[in-house]
Structure formats: structure tokens, C-alpha cells
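Here the structure comes first, spelled out in C-alpha cells, and everything after it is commentary.
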Amino acid sequence: MKILAVSDEECPALWDYYVPGRLKDYDLILSCGDLNANYLSFLVTMARAPVLYVPGNHDTRYPFHPPEGCDCIDDHFVIFNGLRILGLGGCRRYHPGRYQYTDSQMRRRIRRLKGQIRKHKGVDIVVTHAPPEGLGDAEDPAHWGFAALRELLDEYHPAYLIHGHVHTSYGQDVPRVIEYDDTRIINAFERYTLEIPDRIINEKDRGQVIYKTRRRAPEEDYSNMFEKG
């Protein structure tokens, strides 16, 4: 399975200077946030493959202008072609705003999903906007990662965690890939391609995004469900 991960900055080669057929080999596109909704709608149209996305802290218009034709997996556990995928958007709270969370709030979001992780005997890919604390994050308040995400890796050992938020253009010290125990942590800034061996699945499920959690209306935002602090 060939997967395209995108985040934070629209890729000119995939939008402004798109060449027909450039996306034809991809089976799945994962967006880690802070991208123009029209860009994601363009990708899902050109690729003819599902686009699964989580919001970044700058995606405050998504509830009113969501990426058309794409699937929001924020706070969801989904299965696609046998891959178990968990979505956790947003970043550390550094000022009031949508899609910003304290570490304790992120920990509670994860706890809501643990039943599905256990039921399906683990998770293969965690799609986030912010990185785990100490694993590709930065020291400033706006780009500090979540300790809760690191705890998730320690407990369930997913094969991949794919994030954005920390731009590789910030400097040479920003890593693209980090190996952490059993998990490969990938910074998807602009675009990154990975290939995963195909799984044996029921053919009727091939190409289908199967939600194992309750889908909710686009305007719902779990960041308002938690007390501050």
C-alpha cells in the first residue's frame, strides 16, 4: 500500500503545478493538519483515493468549510484495507483557540479510544498534528509536543506515528524521521511517501474507510468538552 502524508504547507507540485496522473499510484492520503480545505478536496479528486485528515491548530474554518469528499478521523479509530488508524488532531494549548489542548485533555481523548484499540488488538498508524513530547517537537510553547502521545507509543507500540506542526523549514535540526522503540515517527511537512505491505482483507472491504467510533457532525469540537487547565 502506497501512502502519501501531507501537512502544514501545500505542495506546489501537487496543486499549482499538478500534472495529471501524478497521484495515481497512491492508495491512501493522510493529512496531519494546517492545510487549505480546497487543497485536500483537490487531492481527493485527483488521486481517486481516500483522504483522511485531522485538524491542525490553524484549521479553525474546517467546521464551517470542511474539505469536501474527505474523511475527518479526529478522535476516531478507523480501518482502511486492514490498517488500524487512530486520529488525534490539534496541538498543545498556547493561547485560547479551537484545536488546542492541555496534556491532560489529550490524555482523556486517548482514553476515550482505548476500548477500540484493545478490541482490535492494537493500532498501526497514529495520525496527529503535534508530535510526542521530546520526539520531533520544539521547546517553544506553540510547538511543544504531548507527553500523552509518548505514553500512547509506550503502551501500544504502533508501527507509525505521522505528524506535522513542526516545519522542516524551521532549520536543519528538525528531523524528518525518528525511530522510537517499535514506532517510526514521521514529520509529514509538505509531503512524505511511505509504503506498507498489503494486508489480507475481505474484498468487500477493500478501499472502504470503516469507522469503529461514532461519527459526529463536522461542527462538533471536543476541545470545548474539557475544562481548562
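The pair Asp124-Arg84 meets the salt-bridge criterion, with a side-chain N (NZ, NE, NH1 or NH2) lying under 4.0 Å from an Asp/Glu carboxylate O. Taking 4.0 Å as the cut-off between side-chain N and carboxylate O, Arg92 and Glu133 count as a salt-bridged pair. Here Arg150 does not pair with Asp137 in a salt bridge; the nearest charged N to carboxylate O distance is not below 4.0 Å.
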Quiz item: Going through the checks in order, is the side-chain hydrogen bond (donor to acceptor under 3.5 Å, both in side chains) test met by His65 and Asn38?
Solution: CA-CA 9 Å; His65 178 51; Asn38 293 330; 3.1 Å; yes
Practice problem: Could you give me the CA-CA distance, side-chain angles and deciding distance for Thr128 and His163, then say whether side-chain hydrogen bond (donor to acceptor under 3.5 Å, both in side chains) is met? | Solution: CA-CA 5 Å; Thr128 70; His163 71 86; 5.5 Å; no
Practice problem: Walk me through it: do Asp154 and Tyr180 pass the test side-chain hydrogen bond (donor to acceptor under 3.5 Å, both in side chains)? | Solution: CA-CA 9 Å; Asp154 291 338; Tyr180 177 72; 2.6 Å; yes
Quiz item: Could you walk me through whether Leu88 and Ile110 pass the side-chain contact (heavy atoms from CB on, under 4.5 Å) check?
Solution: CA-CA 8 Å; Leu88 291 163; Ile110 293 170; 3.7 Å; yes
Practice problem: List the steps and the verdict of side-chain hydrogen bond (donor to acceptor under 3.5 Å, both in side chains) for Tyr26 and Thr193. | Solution: CA-CA 9 Å; Tyr26 288 101; Thr193 296; 2.7 Å; yes
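Looking only at distances, a side-chain donor or acceptor of Asp27 sits under 3.5 Å from a matching main-chain atom of Lys2. Formation of a donor-acceptor pair under 3.5 Å by the Arg176 side chain with backbone atoms of Thr168 is not found in this model. Using a distance-only test at 3.5 Å, with no hydrogens or angles considered, a donor-acceptor pair links the side chain of Arg93 to the main chain of Gln100. Side-chain atoms of Asp8 do not come within 3.5 Å of backbone N or O of Gly164 as any donor-acceptor pair.
Of the inter-residue distances, the one linking Asp140 atom CG with Tyr94 atom OH reads 9.5 Å to the nearest 0.5 angstrom. Atom OG1 of Thr45 is separated from atom CG of Leu23 by 10.5 Å, given to the nearest 0.5 angstrom. One finds the CG atom of Asp16 at 8.5 Å from the CD atom of Glu10 (value rounded to the nearest 0.5 Å). One finds the NE2 atom of His157 at 10.0 Å from the CG atom of Leu152 (value rounded to the nearest 0.5 Å). Distance check, rounded to the nearest 0.5 Å: NE2 of His129 to CG of Asp34 gives 3.5 Å. In this structure, Leu35 CG and Glu190 CD are separated by 10.0 Å, a value rounded to the nearest 0.5 Å.
Taking both residues in full, the closest heavy atoms of His143 and His165 are given as CD2-O, 3.2 Å, listed atom of the first, atom of the second, then distance. Across every non-hydrogen atom of Pro50 and Phe80, the tightest pair is CG-CE1, 3.5 Å. Closest heavy-atom contact between Cys32 and Ala188: SG-CB, 4.2 Å. Pairing each heavy atom of Cys70 with each of Ser41, the nearest pair is SG-N, 4.2 Å. Smallest separation of non-hydrogen atoms from Leu40 and Val51: O-CG2, 4.2 Å. Between Tyr101 and Phe146, the shortest heavy-atom contact is O-CE2, 3.5 Å.
Hydrophobic clustering places Val6 together with Trp15 (ILVMFWY residues linked when any side-chain heavy atoms are closer than 4.5 Å, directly or through intermediates). Under the 4.5 Å side-chain heavy-atom criterion for ILVMFWY residues, no single connected hydrophobic cluster contains both Leu83 and Ile79. Ile186 and Leu86 are assigned to two separate hydrophobic clusters, defined by single-linkage of ILVMFWY side chains at heavy-atom distances under 4.5 Å. Leu135 and Trp144 end up in different hydrophobic clusters when Ile, Leu, Val, Met, Phe, Trp and Tyr side chains are linked at under 4.5 Å. Hydrophobic clustering, with ILVMFWY side chains joined whenever heavy atoms are under 4.5 angstrom apart, groups Leu52 together with Ile162.
For the salt bridge (charged side-chain N to carboxylate O under 4.0 Å, His left out) criterion with Asp74, the lone passing option out of Arg112, Arg98, Arg109 is Arg109. Checking Leu153, Thr183, Ile178 one by one against Pro132, the side-chain contact (heavy atoms from CB on, under 4.5 Å) holds for a single residue, Leu153.
Taking a 6.0 Å sphere around CD of Glu155, one finds it holds more than 12 heavy atoms contributed by other residues, nucleotides or ligands. In Arg61, the CZ atom is not crowded: 12 or fewer heavy atoms of neighbouring residues, nucleotides or ligands sit closer than 6.0 Å. Residue-environment remark: CZ (Arg107) exceeds the threshold of 12 foreign heavy atoms within 6.0 Å.
When side chains are defined from C-beta on, Leu4 counts as touching Leu14, because their heavy atoms get closer than 4.5 Å. A 4.5 Å side-chain heavy-atom check between Ser7 and Phe189 finds every atom pair outside the cut-off. Put simply, the side chain of Asn187 reaches to within 4.5 Å of the side chain of Val166, judged on heavy atoms. The closest side-chain heavy-atom distance from Leu30 to Tyr53 is not below 4.5 Å. Between Val127 and Ile85 there is a side-chain heavy-atom pair separated by less than 4.5 Å. Annotation: side chain of Val126 is not in contact with side chain of Tyr156 (no heavy-atom distance under 4.5 Å). For the pair Leu113 and Thr213, the minimum side-chain heavy-atom distance is below 4.5 Å. At a threshold of 4.5 Å between non-hydrogen side-chain atoms, the residues Ile3 and Ile29 do not count as touching.
The side-chain tip of Lys212 does not point at the ring of Phe77 from less than 6.0 angstrom away and within 45° of straight on.
Not less than 6.0 angstrom separates the ring centroid of Tyr99 from the ring centroid of Tyr62.
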